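Here the structure is a predicted model, which is why all the values come from computation and not from measurement.
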Amino acid sequence: MNLVTTIITIALLLSAALLLISFWLPQMNPDHEKLSPYECGFDPLGSARMPFSLRFFLVAILFLLFDLEIALLLPLPWGDQLSSPLLTFFWASAVLIILTLGLIYEWLQGGLEWAE
């Protein structure tokens with residue numbers, strides 16, 4: 001057997017083993033919350049006019065901002081191959097500094113406190 005056949009065989013056996021284990025391991029006792037169409041904790045059949053905390057949106061927006069930051073910084077390792085890698089480093093540092101200052105501001109204003 002050559003190396004390619006051995007690697008493919010090992011990959012297939014490992015995939016099959018993990019697939020079989022994934023069917024046996026999970027606990028199959030879902031509750032009412034898991035079976036509801038929405039997992040955000042709100043009753044989908046209740047009134048749509050119920051007030052809820054705006055802190056939920058603040059945490060969601062902060063998550064999206066930092067997720068977008070990661071997406072913007074992913075091509076950074078290839079930036080050193082450009083004609084001016086210091087400029088690339090400067091702009092990446094500027095993005096990180098602005099987001100860090102925004103996070104510090106939110107923290108000092110108490111916007112990250114979940115319970116009042």
Atom CG in Leu20, atom CG in Leu25: separation rounded to 0.5 Å? 11.0 Å
Please write out which residues are connected to Ile10 in a hydrophobic cluster, directly or through intermediates, given that two of Ile, Leu, Val, Met, Phe, Trp, Tyr count as joined at side-chain heavy-atom separations below 4.5 angstrom. none
Clusters formed by hydrophobic residues whose side-chain heavy atoms approach within less than 4.5 Å: which one holds Leu108, and what are its other members? Ile104
To the nearest 0.5 Å, what is the distance between CG (Leu13) and CG (Leu18)? 11.0 Å
Is it true that Leu99 and Trp91 fall in one hydrophobic cluster, defined by side-chain heavy atoms closer than 4.5 Å? no
Please say yes or no: joined through hydrophobic side-chain contacts below 4.5 Å, possibly via intermediate residues, are Phe90 and Ile98 part of one cluster? no
Evaluation steps, side-chain contact (heavy atoms from CB on, under 4.5 Å), between Leu103 and Leu65: CA-CA 10 Å; Leu103 181 65; Leu65 279 176; over 6 Å; no
Assess the residue pair Leu76 and Phe89 against the criterion (side-chain contact (heavy atoms from CB on, under 4.5 Å)); give the C-alpha distance rounded to whole Å, side-chain angles, the decisive distance to 0.1 Å, and a yes or no. CA-CA 8 Å; Leu76 188 60; Phe89 177 73; 5.8 Å; no
Taking side chain to side chain contact (heavy atoms under 4.5 Å, CB included) as the test, write out the residues that go with Ile8, two or more places apart. Val4, Leu12
Spacing of Leu68 atom CG and Phe63 atom CZ [to the nearest 0.5 Å]: 11.5 Å
Interatomic distance, CH2@Trp24 vs CG@Leu19, rounded to 0.5 Å, equals 10.0 Å
Separation of Glu69 CD from Leu74 CG (nearest 0.5 Å): 10.5 Å
Distance, nearest 0.5 Å, that separates OG1 of Thr9 from CG of Leu14: 12.5 Å
